[in-house]
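One structure below.
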Amino acid sequence: MTNTSDIQSSSYISSISAFNDGRMLISGSFSAYYSNNTNGVLAKDRVYGDNIMILTSDAQADTIGRMFWEKGNAYTGLSKLNGGATSEITRSFVTSDQKIIVVSNATQYVCNEYAEAFEDNDQRKVDVASVFRMDDTGALDSLYRPVMSGSRYSGIGDGKIEDACMDEKDGIIIVGSFTSFDGVKVPGIVRLDKDGNVDMDFMNHLGEGPNGDVSLVRYNKTLGKMMIVGGFTSFNGQERKSVVILNADGTLDEVFGLKEMTGGAPNFAQLIDREKVIVSGTFTTYDGVPRNGFLILDMDGTAQQKFNVPGVFSGQLYQVQESETTVGSYGLMLMGKINRFNSKSVHNILMLELVLDH
């Protein structure tokens with residue numbers, strides 16, 4: 001298929017989630033998406049969105065028609081998802097009941113009040129507390145984390161949200177440099193239950209948490225565990241540097257621990273279903289062995305020697321997807337801003353064929 005759909009070149013997508021019917025939810029930092037098939041209208045219609053949009057299964061903007069924009073002397077598609085945030089969205093998720101949860105440092109939800117001419121549109125803005133929920137038309141759920149006088153929902157009190165993930169119970173784990181959330185003291189990590197409330201059991205199990213900021217979280221729903229990455233050297237009073245595994249209830253996985261690294265630090269870690277930990281970063285050695293920025297570890301932190309990458313890994317890994325290779329074997333799809341793997345030039349995405357012990 002020839003793909004003529006794209007977002008503006010200066011913008012980016014930070015999240016992709018799927019609905020049960022095959023539609024995709026994208027979010028990040030963008031104000032428009034160019035689509036080549038908006039309900040049969042002209043090619044390359046510009047569809048406006050407030051940092052979030054739903055795409056059909058063929059990667060076209062899901063629209064409800066189009067409107068003539070007199071000022072620009074052109075037609076613009078009208079996004080079916082009429083709701084978003086006033087600034088970049090950190091992460092977004094599709095829940096089990098097909099609702100949309102948005103996590104952002106933005107403090108306002110926004111939607112368009114469409115007029116007959118696009119240039120006369122008004123925007124309606126509503127204060128939100130770091131996380132909000134809406135349906136697939138963009139209608140804000142006013143009962144989920146409402147912001148009002150005397151409300152206990154206030155979001156982050158300081159610092160910044162860096163990342164988030166959703167668990168199998170529609171709970172949202174949020175990480176960053178913040179020290180409070182909804183008025184509760186937290187160590188840069190917080191879990192919200194499916195109703196948007198701070199999960200105090202999780203926080204009690206977390207204890208002191210990390211002694212530094214957290215930059216990344218990835219959750220494995222099959223194993224019920226999450227990877228936490230950041231600039232810390234201890235976790236809940238135990239020596240742990242940069243990467244830990246947490247159980248779903250917030251307790252520290254006592255088995256996993258990184259070995260000594262030199263030359264740099266990890267900036268990504270993800271646990272795959274085959275009970276291996278994928279780590280990447282700027283390091284050059286691991287446990288005394290040359291490891292140029294990429295590791296496959298066992299659940300105790302021991303490196304899989306046969307998967308040692310002798311060449312250079314360069315770039316930032318964002319996502320690892322277990323998949324089948326073109327020859328039918330087991331593989332890992334690596335995605336991110338990657339320019340070299342095993343000293344070979346690559347372009348942001350590659351498939352790695354693996355033969356694992358189990």
Return yes if some donor-acceptor pair links the side-chain N/O of Gln270 with the main-chain N/O of Val320 below 3.5 Å, else return no. yes
Sub-4.5 Å side-chain heavy-atom contact between Val312 and Phe341: no
Heavy-atom pair of closest approach, residues Met226 and Asn247: CE-O, 3.7 Å
Would you say that more than 12 heavy atoms from the other residues, nucleotides or ligands in this model lie under 6.0 Å from the NZ of Lys221, or not? yes
Go through the steps for Ser215 and Glu162 under the test side-chain hydrogen bond (donor to acceptor under 3.5 Å, both in side chains), then give the verdict. CA-CA 5 Å; Ser215 57; Glu162 295 290 350; over 6 Å; no
Are Val217 and Val186 connected, step by step, through hydrophobic side chains (Ile, Leu, Val, Met, Phe, Trp, Tyr) whose heavy atoms are closer than 4.5 Å? yes
Are the side chain of Asp195 and the backbone of Asn197 linked by a donor-acceptor contact shorter than 3.5 Å? no
Indicate yes or no for a side-chain donor-acceptor contact from Asn339 to the backbone of Gly315 under 3.5 Å, with no hydrogens or angles considered. no
Any chance you could lay out the side-chain contact (heavy atoms from CB on, under 4.5 Å) test for Val279 and Met261, step after step, and finish with the verdict? CA-CA 12 Å; Val279 179; Met261 283 183 170; 4.3 Å; yes
Indicate the atoms forming the closest heavy-atom contact of Leu258 with Lys241, along with that distance. CD1-O, 3.4 Å
For a ring pair (Phe, Tyr, Trp, His ring centres under 6.0 Å) check, start with the C-alpha distance between Tyr12 and Phe30, then their side-chain angles and the critical distance, and finish with the verdict. CA-CA 6 Å; Tyr12 62 85; Phe30 57 89; 8.7 Å; no
Would you say that Leu216 contacts Val175 through its side chain, given a criterion of any heavy-atom pair below 4.5 Å between the two side chains? no
Which atom of Tyr219 lies closest to which atom of Glu168, heavy atoms considered: OH-OE1, 2.8 Å
Glu260, CD atom: more than 12 neighbouring heavy atoms under 6.0 Å: no
Are Leu140 and Ile54 connected in the hydrophobic side-chain network, where two residues link if heavy atoms are under 4.5 Å apart? yes
Are any of the side-chain nitrogens in Asp141 or Arg133 under 4.0 Å away from the carboxylate oxygens of its partner? yes
Okay, side chain of Asn236, backbone of Glu208: is any donor-acceptor separation there less than 3.5 Å? yes
Tell me whether Ser17 contacts the main-chain N or O of Ser92 through its side chain, where contact means a donor paired with an acceptor under 3.5 Å. yes
Side chains of Phe181 and Leu192, heavy atoms from C-beta outward: is any pair under 4.5 Å? yes
Arg291 and Tyr286: which non-hydrogen atoms are nearest, and at how many Å? CG-CB, 3.5 Å
Are Leu252 and His205 side-chain neighbours, meaning at least one heavy-atom pair lies under 4.5 Å? no
Between the side chain of Ser234 and the main-chain N/O of Asn211, is any donor-acceptor distance below 3.5 Å? no
Is Arg23 salt-bridged to Asp62, cutoff N-O under 4.0 Å? yes
Lys/Arg-Asp/Glu bridge criterion (N-O < 4.0 Å) met for Arg191, Asp201: no
Please report the interatomic distance SG(Cys111) to CZ(Arg124), rounded to the nearest 0.5 Å. 4.0 Å
Hey, is the main chain of Val229 close enough, under 3.5 Å, to the side chain of Ser242 for a donor-acceptor pair? no
Tell me, do Glu322 and Leu332 make a side-chain contact under 4.5 Å, heavy atoms counted? yes
Has Asp170 got a side-chain atom pairing as donor or acceptor with Ser96's backbone, closer than 3.5 angstrom? yes
Phe294 side, atom CZ; Leu352 side, atom CG - distance, nearest 0.5 Å: 5.5 Å
Using the rule given for side-chain hydrogen bond (donor to acceptor under 3.5 Å, both in side chains), can you reason through Asp158 versus Thr179, listing the C-alpha separation, both sets of side-chain angles and the distance that settles it, and then say yes or no? CA-CA 7 Å; Asp158 59 356; Thr179 59; 2.7 Å; yes
For Lys225, is the NZ atom crowded, meaning more than 12 foreign heavy atoms sit under 6.0 Å from it? yes
Look at Asp182 together with Arg145 and state whether they make a salt bridge at an N to O cut-off of under 4.0 Å. yes
From Phe93 CZ over to Asp167 CG, what is the distance, rounded to the nearest 0.5 angstrom? 10.0 Å
Using modelled atom types only, decide if a donor and an acceptor are shared between the side chain of Ser11 and the backbone of Ser29 within a distance under 3.5 Å. yes
Smallest heavy-atom separation, Met134 atom then Val102 atom, equals CE-CG2, 4.0 Å
Do you reckon Ile172 sits in the same ILVMFWY cluster as Phe178, going by side-chain contacts under 4.5 Å, direct or chained? yes
Here the gap from Ser345 atom OG to Ile338 atom CD1, rounded to the nearest 0.5 Å, amounts to 11.5 Å
Is the positively charged end of Arg274 above the ring of Tyr330, judged by distance under 6.0 angstrom from the centroid and angle within 45° of the axis? yes
Applying ring-ring contact (aromatic ring centres under 6.0 Å, His included) to Tyr109 and not counting sequence neighbours gives Phe132
Tell me the closest heavy-atom pair linking Ser27 and Ile89, and the distance in Å. OG-CG2, 3.7 Å
Sidechain-backbone polar pair: Asn220 side chain, Leu271 backbone, donor-acceptor under 3.5 Å: yes
Does the side-chain contact (heavy atoms from CB on, under 4.5 Å) test come out yes or no for Ile278 and Ile296, once each step is laid out? CA-CA 5 Å; Ile278 312 302; Ile296 298 180; 3.8 Å; yes
Roughly how far, to the nearest 0.5 Å, is CD1 of Ile228 from CG of Leu206? 8.0 Å
Any side-chain heavy atom of Thr137 within less than 4.5 Å of one from Asn82? no
Rounded to the nearest 0.5 Å, how far does CD of Glu275 lie from CE of Met299? 5.5 Å
The single option from Ile156, Ile174, Val131 that satisfies side-chain contact (heavy atoms from CB on, under 4.5 Å) with Val190 is Ile174
Grouping I, L, V, M, F, W and Y whenever their side-chain heavy atoms are under 4.5 Å apart, do Met53 and Val103 come out in a common cluster? no
Among residues two or more places apart or on two chains, list those pairs meeting salt bridge (Lys or Arg N to Asp or Glu O under 4.0 Å) that have a residue in residues 80-93. Arg91-Asp163
